[in-house]
Amino acid sequence: MAGLATSFGSGAMTNSINEIPDSKVLFVIGSNTTEAHPIIGAKMLQAVRKGAQLVVCDPRAIELTERATLWLRHRPGTDVPLINGLMHIILKEGWQDSAFIEARTEGFENLRKTVANYTPDFVAKVTGVPQEKLYEAARIYATAERAQIFYTLGITEHTCGTDNVMSLANLAMLTGNMGKENAGVNPLRGQNNVQGACDMGALPNVYPGYQSVVDPVVHAKFEKAWGAKLDNKLGFMIPDMFDGAVEGKLRALYDFGEDPILTDADANHVRKGLQSLDFLVVQELFMSETAKLADVILPGASFAEKDGTFTNTERRVQRVRKAIEPLGNCKPDWQIIMEVANRMGGNFNYRHPAEIMAEIASVTPSYAGIDYDRIDNDGLQWPVPSKEHSGTKFLHAGKFVRGLGLFQSIDYELPAESPDDEYPILLTTGRMLYHYGVMTRNSKGLEAYSPEEMAELNPLDGANIGVADGDYMHVQSRRGQLVTRVKLTDRVPPGVLFMTHHFLESPVNELTNGASDKVTKTYEYKICGVKISKAEKPDWAQGAK
Amino acid sequence: MSCQCAVEDGLQPDPKEIKLGEILAKYKQQKGALIPVLQETQEVYGYLPAEVLRRISFELKIPLSKVYGVVTFYAQFHLNPRGRNIVRVCLGTACHVRGGAKILETIQKELGIEDGQTSEDLRYTLESIACIGACGLAPVIMVNEDTHGRLTPDKLGKILAQYE
Amino acid sequence: MNSLMEVCCDKCTHTPTTPCDKYIACRTEGPLCHDDASCKEKVQTRLKQVVIAPESGLKQVLICAGSGCISSGSRKVDAALEAELAKQGLADKVKITVTGCHGFCEQGPIFIVEPEGTFYCRVQPEDVPELVEKALGKGELVDRLLYKEPITGEKVRHYQDIPFYKKQQRNVLRNCGHIDPENMEEYIARDGYKGFVKALTMSPLEVIEDVKKSGLRGRGGAGFSTGQKWEFASKSPGDEKYVVCNADEGDPGAFMDRSVLEGDPHAVIEGMLVAGYAIGANNGVIYVRAEYPLAIKRLKVAIDQASACGVLGDNVLNSGFDFHLKIKAGAGAFVCGEETALMASVEGKRGMPRVRPPFPAVKGLWDKPTNINNVETYANVPAILRRGSEWYAGLGTERSKGTKVFALTGKVNNTGLAEVPMGVTLREIIFDIGGGIQNGKEFKAVQIGGPSGGCLPKEMLDLPVDYDSLIKVGAMVGSGGLVTMDETTCMVDIARFFLNFTQKESCGKCTPCREGTKRMLEILTRITKGQGKAGDIETLERLAKNIQATSLCGLGQTAPNPILTTLKYFRHEYEAHINEKRCPAGACSALLTYRIDSEKCVGCGACAKACPVNCISGELKKPYRIDASQCIKCGTCMDKCKFGAVIKG
Amino acid sequence: MEFITLNIDGKEVQAPKGATVLEACRYNDIIIPTLCHDPELSSPGGCRLCVVEIEGMRNLPPSCVTTAGQGMVVRTNTATVREARKTVLELMVANHPLDCMVCQKMGDCSLAAYAYEYEVANQPFEGEKAQHPIDDSNHFIVRDMNKCILCGKCVRACEEIQGRSVIDFAYRGFNTEVSPALLPLGESDCVFCGSCVAVCPVGALTEKNMIGKGRPWEIRKVKTTCNFCGVGCNYDLNVKDGKVIGVTGNETSVVNGRHLCIKGRFGTDFIHSDRRITTPLIKRDGVFVEATWDEALNLVAEKLTAIKEKYGPDSIAGLSSARCTNEENYLMQKFMRAVIGTNNVDHCART
């Protein structure tokens, strides 16, 4: 998000989901959309059915690559050279949108100098993508009247994640594919309310609506609005929290339903951090790996048991409605927080989430026009600056949020950890269709359908270590180890292992690297080195087919 | 989709598979190629085995359900092995009025199989057909490519016996 | 020169890549680009070898190799002939031409000696030595192999004097049986491709105007004006257009398209070329039933030959017009004869019709403007161009022009193809050409137009056969199948037979056809089994009416026609089945009883021996009897009895 | 928008240019029964239930695929039309199991509703009925093709909405069935999005998890936003007796219409998982012990207050959640900032 915020002034998806079926060119990179965002994936397939050209860049063969007009199978971690290479070709062929560059952007000369070094020959060598495919991709994207870029964690979950994002922003601005329908840069947000959590300022550097905590005007506004003295320095990001805990700087953690042991990289480091705390409160639905370490567990309510709103990936604020009473003694999370706050001297007096939304609207300019009545049926896409405003379908029309779009000159950096002689296999992680996070393991149907990890390994690598399809193998990195079942498939190229993070029996984040992006501190989930060997069927799998 | 092709297993490539590969290569770039591919493939295999349909679907990028839909729509395609000799009894109008039904009945008795079935020794497959277009010779049957006309029930035994 | 297709000398530059616009005329009148007596001599000499002239002293044998004659053994005859000619030293004197169908399949294998036109029929290999010796060597007649008129018993020598042919006017079929369909020079020698060359001298719009003026209407079904159809496709905007030939002749009882494809494939190609030129299409597709392997083979040969000499391909005859032709083999679905289903099938899909509009002329094959006609329609086109639309419009009736080929089958003496001008009566076709009903039985009805048509009774025999008259009485020209029935044919059973066909061939897309034909068939089957109930006729009528009104395509809309016409003209037969449990025609086996006439029975016991359920008993030399309670009504006893003692009723 | 004028049932009415006769009728609140038509999908014109009379046209054209024309005269409710529709319905009913009383679709079945409206006799025709084995091969969708009326909406939803074509028509004529290729659905490439179930007008396709759980009139539907990925699909939670028994699509959902993925449609049973924590727990001597809310909340407040006093506000951090609502995230950060006094608040993915 920081990447797009730097380039455009706003980090959200520029366009709307329902623009997809009528798009003519879709450029998808680092996104297994049909599995991670199935409805968006289906809309992409609808576009293909209507004749859209689909360019997919992914090291893995996924459903989208089968349906693509063109598939660029670049090596993991080579997104920046790939995009720079495409821009090199675009400039060489004169396919850039000079009028757009002139009128709407700054920093173009720096970009031009950088990408000059990314010749097709060099890029083909680094990325493994043949030159003619680079040309074809550049042509399809740049010569389209309108083209949209989509990406997800395959782009961001790298130490160079911000660089990757800014490269894509460069590509879009270079060709003028910005600020209109069916043209833009669209990060597909992972969780149901990751957009909303950011919007609400659940970030150490901003208040709701991305208002900086270090901006004195903003600081004064919130002190007044909340009637409290507020801190004006940046807080800890997640990796800082676990580092701080290990170092003794952080003493207590209030965990609001996250399970960082399973979902954050380098699980052993996370566990160690959590164990170092004096006090850990976890508000949860299930006894997660993290909850097991808690001093107090406060039982929250599921989304069906409470009212509220989620903000989806296209910035649409939509209602969550209470369908049933909270189970047992559970309480909606907003009530729990309120009660804790009030016991610590706060003065939180909300009778219903609608009242909280009213307060949000009063302090958050992009949510100013939102209330429960207005979003009752269709929701509203922020920015909604006033009660009269009908929401914003696509961003940056006529003008970027930051004024001029900023070209950044980005160079290729190696991942923090690449495969080597000792750990020769590149481990990359992602999602699959049948589970979401770690919660769907509690759905009987989904669990029965997809009960355990099926790590994807190329048959050649399988043959090397003597595992057959359906066997189990041992995977070890510098940080940890696990046992997983194996699916031999040429969906992954030789030398690459793919796993998901849904299964606590094969906890992939025991292996992943805790190194993170220099700006956003997003972990490098997508690349680390591991070694593999055949394993016996583990105890937890004795029931498996 | 993982490909378990014969070459990888170090086995001799199956000549039928090679033939299928040639058919697919010939038609891959042509639009509307599914039916000719199925026809030529059935020439090679005698019928259309499931794994062959999967390969055709994959190579022609046509969903398997659509391939299956086409195969089951047309009378010409068969999902199960067929007899060495295909006996087609014409039940067209002209043959009907000249006793085609009796011909079919007699052949059923003779071969011990019903319309649409294949004998256990795979010698014969019996089918009825709407019209061969040899109405002048009614009643007619076709055995493989040969047409036999002006039939009476007592001629049938001798005709069928010719086909091993 | 071994073929008219060869160049006369080096001066001739015609090839598919350097085409000459006079190529076709040059084949028979050439050379046209230079004056050279020896070249002219070569062409004329060859021409006389192709079309045997009476004064040449040569003889030609036309042996039919249509599907009908092949199954009667004609390929063995021509092999024997070749050997025998060599043996008797006549190989140089006699030219053998293996032809397509003569249309008189009943009498195959057919063996015609030209130039005098002596017609021998049912010729077997063992007849060949005698034919060679007498007919070809000495010029004598082989009397026993001549055609015998079934009613008078008179022997007929000449082809053109046989009543079956005499009353016909062969336009579409003019080459069938007279040329070697696998040799393009024979087509060209008989004015082939001259119609197309003529078209090239006209503008596409003039061609369309000409075809409109001719009055030609589609020969496959509803009888829509061909010229108008072309006009729609011509006016429909599109950079790419298609010409499609519907050769999915599926009506049981119709085989004229097969005969044309097997006997004169170039006529169809020529018709398609004209259509392509007229509407601006550069690609053509012929969709042929898979059940017609010989037609497919001959078409392939013809397309290859036409392509090899530049009549098909890019810049045809240096006209700037490109035309490429492909064959698509069907895969066994009657409904693919419906034009939208046919195109779906060409596109590799399930052959399910779609709703029209849009019509193919607007959105056809691959969603491009498409003209689709059937084989016979295209085969009519060359002569219209060559001989003029006035000539064509002079044939037939006011609103139905030209000639139509009918496939005459069933209980008629002469089964085969009859081409007659539109407007002749059913009686003329069935009695004058067809020679009346077999075995002296009485004519009862004729099913005209296949499963979509209707059954007409003897009161209708004097009905002129044209599009509009037939529609008025609930039948249709359709593809032109004429199935005649005699007094032993049960009309309920015939309706059941057609419903069984349409029900099996329903594509399943729309409810009325998919479910409705099934229910009608079930009711008809019940009636023929003696299980009919009061109210069945009314239910049939109600279903028929609603299926006609609501079905998606022509197959469903016309499926009830056989029921409605048999109900209209033979309602009493239905009533007899339902109310009296009796089949007046004696055809429905469930309603029959077999008994033995003790007067006629000689007590030979053949019936008892043959009975599959052993329900016939008796003592030798005394009358046998059938136990009706055990009898399965298979009729074997009746077939076996040589004394006509087994009676059914 | 341009409009045309036409006459429907004797009244001059207006309709948008290019509309079908069906759309023109609906635009003017004239009811036409349909089974195979769906505004979201292409129109095959196959069921023939929507036939009408149009002056100058042969037979009874289906309104769903006939374009309305200026000056057209349409009759939607004549005896001929009603009889044709009734016949179509009778033909469908004649090939349909009549086990309505135990059918999951009872009360929500279009065929039953129309058969009732058009007074279809109970057993209109005797004869053969389709005999297909029930495909129960997977955890999510039950396919009873004996109840299928071959409207093909599932086929089109799979192709046109999902872009997958896992199912299609197979065989032909009376034997036509909708089927995945060669194998039951559970062994096909189906991703169990359930779009086919969502569009099925009869009981041929049903959600396995809802079978026997409730009748339409017993169920309360609550529209909400899915809690899995970031697409933000809306759907209806189906509630009976205070329990969520399943999920159905809601066509008013702006992002996704009726369509969902496997998780949204079939994965919400986690709500009632017996693994849910339903009472506050306090760890005493390494073991969790059930506690009252007051005990737990007091303990949390005491501990955090003590740590804040001892080590300062920045020794405490809040880990908020991308799974919780905006209101909860807002309160969480407000709590950290205004009550604890630190900016140490973050949540998982900040991409």
Side-chain angles (χ1 to χ4, degrees), chain A residues 37-39 42 45 156 189-192 194 196-197 200-202 204 226 228 235-236 238 241 251-258 279 281 295 297 299 302-304 308-310 312-313 318 320-321 323 327-329 333-334 337 339 341 343-344 346 353 356 378 436 440 442-443 445-446 448-449, chain D residues 139 162-163 222 224-225 227-232 237 239 242 244 254-256 261 263 266-267 269-271 273 277-279 281-283 296-297 300-301 303 307 311 315-322 324-333 335 337-339 343-344 346-351:
Chain A
H37 300 87
I39 291 293
L45 296 182
T156 54
R189 312 310 301 261
Q191 290 128 318
N192 53 325
V194 64
M200 290 303 103
W226 290 345
F236 284 165
I238 291 176
M241 292 181 191
R251 294 291 174 160
L253 181 69
Y254 195 128
D255 174 7
F256 196 30
E258 298 260 306
F279 188 64
V281 193
D295 295 291
I297 300 177
S302 78
F303 78 117
T309 57
F310 291 152
N312 79 348
T313 185
Q318 304 190 100
V320 174
R321 291 185 184 82
L327 264 58
N329 267 329
D333 299 80
W334 61 274
I337 288 280
E339 293 193 32
R343 278 175 167 79
M344 291 181 69
I356 307 175
D378 294 345
Y436 197 82
T440 51
N442 295 303
S443 161
L446 297 177
Y449 190 67
Chain D
H139 298 289
Q162 273 291 312
V222 180
T224 195
T225 304
N227 76 325
F228 292 122
C229 79
V231 176
L237 290 170
V239 181
V244 175
V254 63
V255 171
N256 58 300
C261 77
K263 297 183 287 283
F266 299 110
D269 58 335
F270 78 87
I271 295 167
S273 165
I277 304 168
T278 54
T279 193
L281 299 171
I282 295 173
K283 196 179 267 168
L297 292 169
V300 171
K303 283 280 189 183
I307 289 169
Y311 299 104
S315 66
I316 301 173
L319 197 48
S320 201
S321 172
C324 286
T325 64
N326 285 323
E327 291 76 1
E328 289 159 349
N329 274 287
Y330 176 81
L331 284 197
M332 182 67 185
Q333 59 90 33
F335 166 66
R337 288 182 164 123
V339 178
N343 282 318
N344 285 347
D346 203 351
H347 70 277
C348 179
R350 177 172 40 323
T351 45

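Here is the naming used below: chain letters follow the sequence lines, and residue numbers restart at 1 for every chain.
- If you take CE on A:Met200 and SG on D:Cys324, they are separated by 13.5 Å, rounding to the nearest 0.5 Å.
- A heavy-atom distance below 4.5 Å is not found between the side chains of D:Thr325 and D:Tyr330.
- Both the backbone and the side chain of A:Asp333 come within less than 4.5 Å of a heavy atom in chain D.
- Using a 4.5 Å heavy-atom cutoff, the side chains of A:Phe236 and A:Pro204 are not in contact.
- Most heavy-atom pairs under 4.5 Å with chain D, from the set A:Asp255, A:Ile39, A:Asn312, A:Thr309: that is A:Thr309.
- If you look at D:Phe266 and A:Tyr449, their ring centroids are not closer than 6.0 Å.
- Across every non-hydrogen atom of A:Tyr254 and D:Met332, the tightest pair is O-CE, 3.5 Å.
- Interface summary for chain A: among D:Gly267, D:Gly232, D:Ser320, the most heavy-atom pairs under 4.5 angstrom belong to D:Ser320.
- Both the backbone and the side chain of D:Phe335 come within less than 4.5 Å of a heavy atom of chain A.
- Among A:Gly196, A:Ala304, A:Gly308, A:Ala323, the residue with the largest count of heavy-atom pairs under 4.5 Å with chain D is A:Ala323.
- Remark: A:Phe303 engages no residue in a ring pair (Phe, Tyr, Trp, His ring centres under 6.0 Å) (not counting sequence neighbours).
- Between chain D and the options A:Leu446, A:Asn329, A:Leu327, A:Leu45, heavy-atom pairs under 4.5 Å are most frequent for A:Asn329.
- Closest approach of A:Asp378 to D:Val254, counting heavy atoms only: O-CG1, 3.5 Å.
- The parts of A:Met344 that come within reach of chain D are both its backbone and its side chain, each placing non-hydrogen atoms under 4.5 angstrom from that chain.
- In this structure, D:His347 contributes its side chain and D:Asn329 its backbone to no donor-acceptor pair below 3.5 Å.
- Both the backbone and the side chain of A:Ala252 have a heavy atom closer than 4.5 Å to some heavy atom of chain D.
- With a 4.5 Å cut-off on non-hydrogen atoms, D:Ile307 touches chain A through its side chain but not through its backbone.
- Formation of a donor-acceptor pair under 3.5 Å by the D:Thr278 side chain with backbone atoms of A:Gly328 is not found in this model.
- The candidate with the highest count of non-hydrogen atom pairs below 4.5 Å against chain D, out of A:Gln318, A:Arg251, A:Arg321, A:Glu339, is A:Arg251.
- In this structure, the separation between CG on D:Asp346 and CD1 on A:Ile238 is 4.5 Å, given to the nearest 0.5 Å.
- Interface check for chain A: of the options D:Asn344, D:Asn326, D:Leu319, the most heavy-atom pairs under 4.5 Å are formed by D:Asn326.
- Comparing D:Ala296, D:Ala338, D:Ser321 by how many heavy-atom pairs each has under 4.5 Å with chain A, the most go to D:Ser321.
- For the options D:Cys261, D:Gly163, D:Gly230, heavy-atom pairs under 4.5 Å to chain A are most numerous at D:Gly230.
- Residue contact with chain A, scored on non-hydrogen atoms closer than 4.5 Å, involves the backbone and the side chain of D:Val244 alike.
- Proximity to chain D is limited to the side chain of A:Val281, based on heavy atoms less than 4.5 angstrom apart.
- The CZ atom of A:Phe310 sits 9.5 Å away from the CD atom of D:Glu327 when rounded to the nearest 0.5 Å.
- Between chain D and the options A:Gly346, A:Gly201, A:Pro38, heavy-atom pairs under 4.5 Å are most frequent for A:Gly201.
- With a threshold of 4.5 angstrom between heavy atoms, D:Val239 approaches chain A through side-chain atoms but not through N, CA, C or O.
- In this structure, the portions of D:Ile316 lying under 4.5 Å from any heavy atom of chain A include both its backbone and its side chain.
- Options D:Val222, D:Val339, D:Ile277 differ in how many heavy-atom pairs under 4.5 Å they form with chain A, and the most are formed by D:Ile277.
- Closest approach of D:Ala317 and A:Met241 over heavy atoms only: CB-SD, 3.8 Å.
- Of the listed residues (A:Pro353, A:Ala228, A:Ala202, A:Ala341), the greatest number of heavy-atom pairs within a distance under 4.5 Å of chain D belongs to A:Ala202.
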